[in-house]
Every structure is written in structure tokens, then in C-alpha cells.
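Beneath this line is the structure, given in C-alpha cells, with notes to follow.
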Amino acid sequence: MDSKEKIILIVDDELHIKQSFSYFFEDREWQVFTADSGEAALELLKTMTCSVAIVDIRMRGMDGESFIRIASERYPSMFFVVCTGSPMYEISEDLIQLPCVVDKVFGKPVMDMNGLEETILRLIEGCI
């Protein structure tokens, strides 16, 4: 995979979660950007291109689903993976219909980071 495709955005308001994801993906030669809110992520995306975003659902301000709806419309080649600490969360039907959203929800803390990366790589390569 070309390194320019391995650009990931972590959208989460929990510092330790962002750091954990950042360290993991940087160790695997991803270029990593972080944002602590949906609003901040949308601002970041005005000046950079990401292949994929890992998005928390419950954040202050704009929630993760709202961010995904807006970002997927503005950046149709970007993919989205939901990662939440809410054990009962199910992806909204309108988001499931979007081809850029993974229908699997990853719970926090993510116990299988390798599986998360494999899912993201398959998504980017068009195998999902």
C-alpha cells in the first residue's frame, strides 16, 4: 500500500484513547492526525486529506454520527470506522447505508488493535 493512502484521523475527546490509537498506527507507519471533536475534525479536513477516520460517537458538541454524515458528504472518498465506549450503541440505519462506513462497531477499549487495522486496510483496498 502506498504510504500516502495510510493517513488516518482519530476523532475522540478522550486524550488517552487518541494517544493509544496514535502510537499504534504511527508504529505501523501511518500518518496520524487527531481531533477532540467533530467540529475540530471538520476544520482539519479543510486543509488535509485522510483515507479513514476512527470516530467516537459520544463527544462534547457535535456527536460522531453527525460528524460522519457531514464528512462523508464533503469527502466522499474517505472511510469511517465507529469506535465507542457505549456497549449498547448500534449504527444508525442511514449511516449503515453509506458505502464509506464500516458496519462493525469497535468497542473501547479496543482489545484487538491488529483486527482494527486489518479492517481499515481491507476497507481502503476495497475488499469490504
Side-chain angles (χ1 to χ4, degrees):
M1 168 171 286
D2 186 8
S3 63
K4 71 178 179 175
E5 295 176 321
K6 291 180 71 172
I7 305 171
I8 192 164
L9 173 61
I10 311 301
V11 186
D12 200 302
D13 59 353
E14 295 179 60
L15 179 61
H16 67 282
I17 297 292
K18 285 188 300 195
Q19 288 175 334
S20 174
F21 283 141
S22 292
Y23 297 152
F24 176 84
F25 285 100
E26 285 170 353
D27 286 349
R28 285 164 173 69
E29 299 181 2
W30 285 78
Q31 185 176 1
V32 179
F33 295 93
T34 64
D36 60 4
S37 69
E39 295 90 347
L42 289 173
E43 280 300 310
L44 246 151
L45 288 171
K46 288 179 180 178
T47 60
M48 55 178 259
T49 302
C50 291
S51 304
V52 65
I54 297 175
V55 183
D56 185 20
I57 292 302
R58 293 184 358 196
M59 298 180 283
R60 291 179 287 281
M62 180 185 297
D63 67 22
E65 284 197 354
S66 297
F67 164 75
I68 292 170
R69 285 183 186 99
I70 294 167
S72 66
E73 187 173 306
R74 291 182 186 172
Y75 311 101
S77 63
M78 191 171 167
F79 296 99
F80 302 89
V81 177
V82 173
C83 185
T84 183
S86 301
M88 302 305 289
Y89 173 77
E90 293 182 19
I91 298 175
S92 296
E93 189 63 35
D94 67 309
L95 293 183
I96 290 174
Q97 300 303 317
L98 297 173
C100 59
V101 178
V102 173
D103 60 359
K104 177 181 179 182
V105 174
F106 287 85
K108 290 192 293 189
V110 175
M111 302 310 244
D112 183 11
M113 293 291 281
N114 290 320
L116 174 61
E117 183 186 32
E118 287 172 18
T119 297
I120 291 169
L121 289 171
R122 284 194 318 265
L123 183 68
I124 291 171
E125 293 168 357
C127 297
I128 289 183

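Nothing here was measured: the structure is a model prediction, and the numbers come from that model.
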Minimal non-hydrogen separation, W30 against L121, with atom names: CZ2-CD2, 3.5 Å
What are the two closest heavy atoms between I91 and V102, and how far apart are they? CD1-O, 3.3 Å
Between C83 and V110, is the side chain to side chain contact (heavy atoms under 4.5 Å, CB included) condition met? List the steps. CA-CA 8 Å; C83 185; V110 175; 3.5 Å; yes
Does any part of the side chain of L116, heavy atoms only, come nearer than 4.5 Å to the side chain of F24, both counted from C-beta? no
Can you confirm whether S86 sits close enough to I57 that some side-chain heavy atom of one is under 4.5 Å from a side-chain heavy atom of the other? no
Distance in Å, T84 OG1 paired with D63 CG, rounded so as to fall on 0.5 Å steps: 10.5 Å
Do R69 and D94 sit within salt-bridge range, that is, some charged N less than 4.0 Å from a carboxylate O? yes
How long is the span from the CG atom in N114 to the OG1 atom in T119, to the nearest 0.5 Å? 10.5 Å
Establish whether Y23 and I10 are linked, either directly or via other cluster members, by ILVMFWY side-chain heavy-atom contacts under 4.5 Å. no
Taking the side chain as every heavy atom from C-beta outward, state whether Y89 and E65 have any atom pair closer than 4.5 Å. yes
Might you confirm whether atom CZ of R28 has over 12 heavy atoms from other residues, nucleotides or ligands at distances under 6.0 Å? yes
Candidate pair L9 and L45, rule side chain to side chain contact (heavy atoms under 4.5 Å, CB included), full reasoning: CA-CA 9 Å; L9 173 61; L45 288 171; 4.1 Å; yes
Side chain to side chain, F80 and I54, heavy atoms closer than 4.5 Å: no
Roughly how far, to the nearest 0.5 Å, is the CG atom of L123 from the CD atom of E118? 13.5 Å
Just wondering, more than 12 heavy atoms not from E73 lying within 6.0 Å of its CD? no
Does CE in M111 sit with more than 12 non-hydrogen atoms of other residues, nucleotides or ligands closer than 6.0 Å? no
Check the pair D112 / F106 against side chain to side chain contact (heavy atoms under 4.5 Å, CB included), numbers first and verdict last. CA-CA 9 Å; D112 183 11; F106 287 85; over 6 Å; no
Kindly indicate, with the supporting measurements, whether the criterion side chain to side chain contact (heavy atoms under 4.5 Å, CB included) is fulfilled by F25 and I120. CA-CA 11 Å; F25 285 100; I120 291 169; 3.9 Å; yes
Roughly how far, to the nearest 0.5 Å, is OG of S92 from CD of Q97? 11.5 Å
Please answer whether the main-chain N or O of M62 pairs with a side-chain N or O of S66 as donor and acceptor at a distance below 3.5 Å. no
For a side-chain contact (heavy atoms from CB on, under 4.5 Å) with K18, tell me which candidate from V11, D12, V32, D56 qualifies. D12
Can you give me the closest heavy-atom contact between A41 and F67, atom names plus distance? CB-CE1, 3.5 Å
How far apart are the closest heavy atoms of R60 and E39, and which atoms are they? O-OE1, 4.2 Å
Salt bridge flag under 4.0 Å for residues E29 and K6: no
Evaluate the side-chain proximity of L42 to I70: yes if any heavy-atom separation is below 4.5 Å, no if none is. yes
Inter-residue atom distance E90.CD - D103.CG, 0.5 Å rounding: 12.0 Å
Can you get from M48 to V55 by hopping between Ile, Leu, Val, Met, Phe, Trp and Tyr side chains that sit under 4.5 Å apart? yes
Sub-4.5 Å side-chain heavy-atom contact between I68 and M78: no
Considering all heavy atoms, the nearest C100-S72 contact: SG-CB, 3.6 Å
Work out which heavy atom in I7 is nearest to a heavy atom in T49; give both atom names and the distance. CG2-O, 3.5 Å
Tell me, do S22 and F33 make a side-chain contact under 4.5 Å, heavy atoms counted? no
Ion pair check, K46 and E43, cut-off under 4.0 Å: yes
Do the side chains of I17 and K108 get nearer than 4.5 Å, heavy atoms only? yes
